[in-house]
Amino acid sequence: GKVVVMNKGSAVNLTVPASLGAGFTCSVVQKGAGQVTFVASSTTINNRQSHTKIAGQHGVATLISTADNVFVLAGDTAS
């Protein structure tokens, strides 16, 4: 239930690690111009459109764990 603010001028990866547990949620804000890409690490990240990035500066995406090591990425996303 936390908010993570990414404020970079260049592209940045956000690694989604294993063992966060079912029910984990957080929102990620792309404050800077650097596009945020979500990278799975022994996890699965699902998105309705197979997106893995936040669409742009000031965009917000939410990461929700629906089961151990399985996440849904929703919000202002892009491929």
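What you see below is based on every heavy atom in this structure, not just the backbone, and it leaves out hydrogens, waters and symmetry mates.
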A.B. asks: Within the 4.5 Å heavy-atom criterion, are L14 and V28 side-chain neighbours or not?
C.D. replies: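 The answer is yes, as the side chains (C-beta and beyond) meet within the 4.5 Å cut-off.
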A.B. asks: What's the spacing between T43 OG1 and F71 CZ if we round to 0.5 Å?
C.D. replies: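 Here the rounded value is 5.5 Å.
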A.B. asks: Are a donor atom and an acceptor atom from the side chains of T62 and S27 found within less than 3.5 Å of each other?
C.D. replies: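 Judged by distance alone, the side chains do pair up.
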A.B. asks: Kindly say whether S19 contributes a backbone atom to a donor-acceptor pair with the side chain of N69 at under 3.5 angstrom?
C.D. replies: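 Answer holds: yes.
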A.B. asks: Using atom types as modelled and distance alone, determine if a side-chain donor or acceptor of T77 lies under 3.5 Å from a backbone N or O of K53.
C.D. replies: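 No; zero donor-acceptor contacts below 3.5 Å.
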A.B. asks: Cluster question for you: counting only ILVMFWY and a side-chain heavy-atom cut-off of under 4.5 Å, with indirect links fine, are V60 and V5 together?
C.D. replies: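 Yes; tracing contacts between hydrophobic side chains, which count when under 4.5 Å, links both residues.
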A.B. asks: I'd like to know if the side chain of T15 and the backbone of P17 have a donor-acceptor N/O pair within less than 3.5 Å.
C.D. replies: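 No: the side chain of T15 does not pair with the backbone of P17.
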A.B. asks: Could you tabulate the donor-acceptor pairs under 3.5 Å formed by side-chain atoms of residues 29-40, not counting sequence neighbours?
C.D. replies:
unit_1: Q30; atom_1: OE1; unit_2: V36; atom_2: N; d: 3.2
unit_1: Q30; atom_1: NE2; unit_2: G32; atom_2: O; d: 3.4
unit_1: Q30; atom_1: NE2; unit_2: G34; atom_2: O; d: 3.4
unit_1: Q35; atom_1: NE2; unit_2: I54; atom_2: O; d: 2.9

A.B. asks: Run the side-chain contact (heavy atoms from CB on, under 4.5 Å) test on N46 and L73 for me, step by step, so that the C-alpha distance in whole Å, both residues' side-chain angles and the decisive distance to 0.1 Å come before the verdict.
C.D. replies: CA-CA 6 Å; N46 297 307; L73 178 63; over 6 Å; no
A.B. asks: Please report the closest heavy-atom contact between S42 and A18, naming both atoms and the distance.
C.D. replies: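 It is O-CB, 3.8 Å.
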A.B. asks: Look at the side chain of N47 and the backbone N and O of Q49, then say whether any donor-acceptor pair between them is shorter than 3.5 Å.
C.D. replies: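 It does hold such a pair.
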A.B. asks: Out of curiosity, C26 SG to K2 NZ, how far, rounded to the nearest 0.5 Å?
C.D. replies: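 Atom-to-atom, C26:SG and K2:NZ are 11.0 Å apart.
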